[in-house]
Amino acid sequence: MTSTAPETQRGQDAGDPLGEQPTSWQRRLRRFGHVPRPETSLRDRLDPPWTRPGRQVWSVLAIPPHVADRLVRWSGWGGPLLVTLVAGLLRFWRLDQPNAVIFDETYYAKDAWALVNQGYEGSWPKDVDKLILKDPSSVPIPTDPGYVVHPPVGKWIIGFGEQLFGFTPFGWRFMVAVLGTISVLLLCRIGRRLFRSTFLGCLAGLLLAVDGLHFVMSRTALLDLIVMFFVLAAFGCLVVDRDRSRRRLADTLPVDEEGVLRPDARIAETLRLGWRPWRLGAGVMLGLAFATKWNGLYVLAAFGLMTVLWDVGARRTAGAVRPYMAVLRRDLVPAFFSTVPVAILTYIVSWTGWIVTDKGYYRNWAATEGKGSSWSWLPDWLRSLWHYENQVYDFHVGLTSGHTYESNPWSWLVLGRPVSYFYEEQAGCKESSTGKCAAEVLAIGTPLLWWLACFALAYVVWRWLFRRDWRAGAIACGVAAGWVPWFFYQERTIFLFYAVVFVPFLCLAVTMLLGAIVGPAAGTGARADLGLTSKDPTGERRRTLGAIAAGVLVLLIIWNFIYFWPLYTGTSIPEDLWRDRMWLDTWV
């Protein structure tokens, strides 16, 4: 099903659009599994076609062709919306439970409530959580400013839910659950565009819907899922921008007498791709991610490099002799101004509530301690904000105090040390041999999904390096942007739930692996980039066995999610059953 031809190096010259003659490096890499690019038209390489379900499926279901065509058209949105509906029902079911302030909700729920009511975070008294749960209307919002170490966008979003549904667990979790649900829809549509397959797109979204870490974070008022949402939205914007810019290149290239699109070095190197609003949208989304937590800044850098390299690949495919120079002259400056300054401006605007008030923490620093600085020609609010940011940076890099649930990023993919958000023992449990029941909210991914993702990432990296598949490179970039930066701060106190930022890309990696297990449909001809064509007599048997294997893996992942459901939702179960789910000693 992953049958879209990967983008590779061109042939020996620009006049060889199919690249039948492999280059020297391609010949050397054959021992590692590299295969020359199949014969694909230049238009399909620039603007790959979408896969369609085979007629056999509709024949088995006794669906007439005209009805099948209509279902295919509707499935582009109908399938993703159906998966999203399932994800939403799961995430909103008993969202107010447990009726407690769990883990770091004690910071963000209260800061959000103060932010939406007075424009800045307050300094809350200790042990106020129980009073909030009992009667939130009796708890006054503190007017003294509070020292916070994260930008405000995520708290504004959480606060919007509190404005709608009150200062309650349901209120402060509502908007996070909304974004968690919408992110499933985004991944369905992104996966569909990435793989040119509605089925694979919906499969990616389904995997995200049943991932335990994404599920728990969608039901908890923390900031990391909000970062994930904006990162995923930015990635989607860049994928759409890639498609549109390549389509424009294809529409501009000349067509020969036989109606075949031909490369043109002059057009490929000089064409200006014009207004690219989707790239601008990506800049806004990345700015919002950065304005929620600072790790969004690393994603900005990684995605900025990725989209520039996509432009290089597009111009090379279109016939550019010097694609890097062409991108440097035509695309680099617009790409920079569409992302970096836009993200920075978005970040500054997100502090509007703090800027317009005179009571925020460090708000008046420039007029007091910072008075007489050599930068006094700048506005006071800007200098005060810069000082605040410096103090926050010092806090983050110096956060080395130990924590029970801290973990090293090396252990994240194997779920070495999950985080317990909530735990409660109940005595008098007759169903348990110990006489106790346990209720826990454990921030842990669906184990089978994450362990399969370890193999999927290896496959993705291999496919990127040796098959030159841009989709694999994009997925690897998304994982690396959310994961690799934490290796530079291993002395800092960090947690597994930070990994939720790259969970959608793990799901895309697993989807790509499952698509490879199934294999392309017989009859795909030159687009059979997994080595199967209509001339392969074992193709249908291979595909049937692959579909069974992939289906079993998906069902096992869904079963695994259901098995761990009590640990994701805080459902009380006998302690014996709770211990049965502690598969590793480090999970306790």
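Quantities reported herein were computed from a predicted structural model and do not represent experimental measurements.
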Full working for side chain to side chain contact (heavy atoms under 4.5 Å, CB included) between Leu194 and Ile475: CA-CA 10 Å; Leu194 203 65; Ile475 294 170; 4.1 Å; yes
Derivation of the side chain to side chain contact (heavy atoms under 4.5 Å, CB included) call for Met306 and Leu238: CA-CA 9 Å; Met306 179 181 69; Leu238 292 177; 4.1 Å; yes
Check against ring pair (Phe, Tyr, Trp, His ring centres under 6.0 Å), Trp412 and Phe487: CA-CA 11 Å; Trp412 287 358; Phe487 287 94; 7.5 Å; no
Phe103/Phe422 under side chain to side chain contact (heavy atoms under 4.5 Å, CB included): CA gap, chis, key distance, verdict: CA-CA 7 Å; Phe103 202 62; Phe422 172 83; over 6 Å; no
Stepwise side chain to side chain contact (heavy atoms under 4.5 Å, CB included) test for Met512 and Asp469: CA-CA 11 Å; Met512 182 171 248; Asp469 192 329; 3.8 Å; yes
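Going from atom CG of Asp111 over to atom CG of Asp104 covers 10.5 Å, rounded to the nearest 0.5 Å. Interatomic distance, CD of Gln163 versus CE of Met175, reported as 12.5 Å (0.5 Å rounding). Once rounded to the nearest 0.5 Å, the distance linking CG of Leu187 with CG of Leu208 reads 5.5 Å. Taking CG from Leu415 and CG from Leu448, the interatomic distance works out to 10.0 Å, rounded to the nearest 0.5 Å. With rounding to the nearest 0.5 angstrom, the CD1 atom of Ile190 is 7.5 Å from the CG atom of Leu508. Atoms CZ and OG, from Arg579 and Ser432 in turn, are 9.0 Å apart once rounded to the nearest 0.5 Å.
Residues Pro98 and Thr569 come closest through the heavy atom pair CD-O, 4.3 Å. Contact detail for Val216 and Ala443: the closest heavy-atom pair is CG1-CA, 4.1 Å. Of all the heavy atoms in Gly212 and Tyr568, the pair that sits closest is CA-CZ, 3.4 Å. When every heavy atom of Thr292 is checked against every heavy atom of Val153, the shortest pair comes out as OG1-CG1, 3.5 Å. When all heavy atoms are compared, the tightest approach of Ala291 to Ser350 is CB-OG, 3.5 Å. Nearest heavy-atom pair across Cys507 and Leu449 is SG-CD2, 4.3 Å.
In terms of the side chain to side chain donor-acceptor pair (under 3.5 Å) criterion, Ser411 has no residue partners (sequence neighbours excluded). When the salt bridge (charged side-chain N to carboxylate O under 4.0 Å, His left out) test is applied to Glu162, no partner is found at least two apart in sequence or on another chain. With sequence neighbours left out, Arg173 forms a salt bridge (charged side-chain N to carboxylate O under 4.0 Å, His left out) with Glu105. Every residue meeting the side chain to side chain donor-acceptor pair (under 3.5 Å) condition with Thr307, not counting sequence neighbours, appears here in chain and number order: Arg279. Legend: residues meeting salt bridge (charged side-chain N to carboxylate O under 4.0 Å, His left out) with Asp224, ordered by chain and number and at least two apart, are Lys293. Partners of Phe505 under the ring pair (Phe, Tyr, Trp, His ring centres under 6.0 Å) rule, at least two apart in sequence or in another chain, are Phe235. With sequence neighbours excluded, no residue forms a disulfide bond (SG atoms under 2.5 Å apart) with Cys477. With sequence neighbours excluded, no residue forms a ring pair (Phe, Tyr, Trp, His ring centres under 6.0 Å) with Trp74. By the salt bridge (charged side-chain N to carboxylate O under 4.0 Å, His left out) test, Arg91 pairs with no residue at all, sequence neighbours left out.
Aromatic ring centres of Phe495 and His403 lie closer together than 6.0 Å.
Within the 4.5 Å cutoff, the side chain of Val149 has no heavy atoms near those of the Tyr107 side chain. Between Tyr563 and Asp580, the closest side-chain pair of non-hydrogen atoms falls below 4.5 Å. In this structure, the side chains of Leu115 and Trp156 come closer than 4.5 Å at one or more pairs of heavy atoms. Between Arg219 and Phe215, some side-chain heavy-atom pair lies under the 4.5 Å cut-off.
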Show me, pair by pair, the donor-acceptor contacts under 3.5 angstrom made by side chains of residues 123-133, not counting sequence neighbours?
unit_1 : atom_1 : unit_2 : atom_2 : d
Trp124 : NE1    : Lys110 : O      : 3.3
Asp129 : OD1    : Lys110 : NZ     : 3.0
Asp129 : OD2    : Thr106 : OG1    : 2.9

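Just one of Leu297, Thr346, Val299 meets the side-chain contact (heavy atoms from CB on, under 4.5 Å) condition when paired with Phe290; it is Leu297. When each of Glu424, Glu575, Glu425 is tested with Lys436 by the rule salt bridge (Lys or Arg N to Asp or Glu O under 4.0 Å), just one qualifies, namely Glu425.
Judged by a 6.0 Å distance limit and a 45° cone about the ring axis, Arg189 is positioned over the six-membered ring of Trp77.
SG distance check for Cys188 and Cys202: not under 2.5 Å.
At distances below 3.5 Å, at least one donor-acceptor pair connects side-chain atoms of Arg543 with backbone N or O atoms of Gly519. A donor-acceptor pair under 3.5 Å is formed between the side chain of Thr586 and the backbone N or O of Gly416. At least one donor-acceptor pair closer than 3.5 Å links the side chain of Arg542 to the backbone N or O of Val518.
By the 6.0 Å contact criterion, OH on Tyr423 is enclosed, its count of non-hydrogen atoms from other residues, nucleotides or ligands being greater than 12. Other residues, nucleotides and ligands contribute only 12 or fewer heavy atoms inside 6.0 Å of the CH2 atom of Trp410. Counted within 6.0 Å of CH2 on Trp294, heavy atoms from surrounding residues, nucleotides or ligands total more than 12; the atom is thus considered enclosed. Counting non-hydrogen atoms of neighbouring residues, nucleotides and ligands closer than 6.0 angstrom, the CZ atom of Phe160 reaches no more than 12 such neighbours. Heavy atoms of other residues, nucleotides or ligands lying less than 6.0 angstrom from CZ of Phe561 number more than 12. Phe488 CZ: 12 or fewer foreign heavy atoms inside a 6.0 Å radius.
Between Phe174 and Phe165, the ring planes lie tilted relative to each other; the angle falls in the 30° to 60° range. Between Phe497 and Tyr421, the ring planes are perpendicular. Angles over 60° get that label, and only those under 30° would be called parallel. Ring geometry for Trp93 against Trp565 counts as tilted: the plane angle lies between 30° and 60°, on a 0 to 90° scale.
Among pairs with a residue in residues 409-419, none fulfils salt bridge (charged side-chain N to carboxylate O under 4.0 Å, His left out), at least two apart in sequence or across chains. Screening residues 479-497 for side chain to side chain donor-acceptor pair (under 3.5 Å), with sequence neighbours left out, gives Tyr298-Tyr489, His396-Arg492, Asn408-Gln490.
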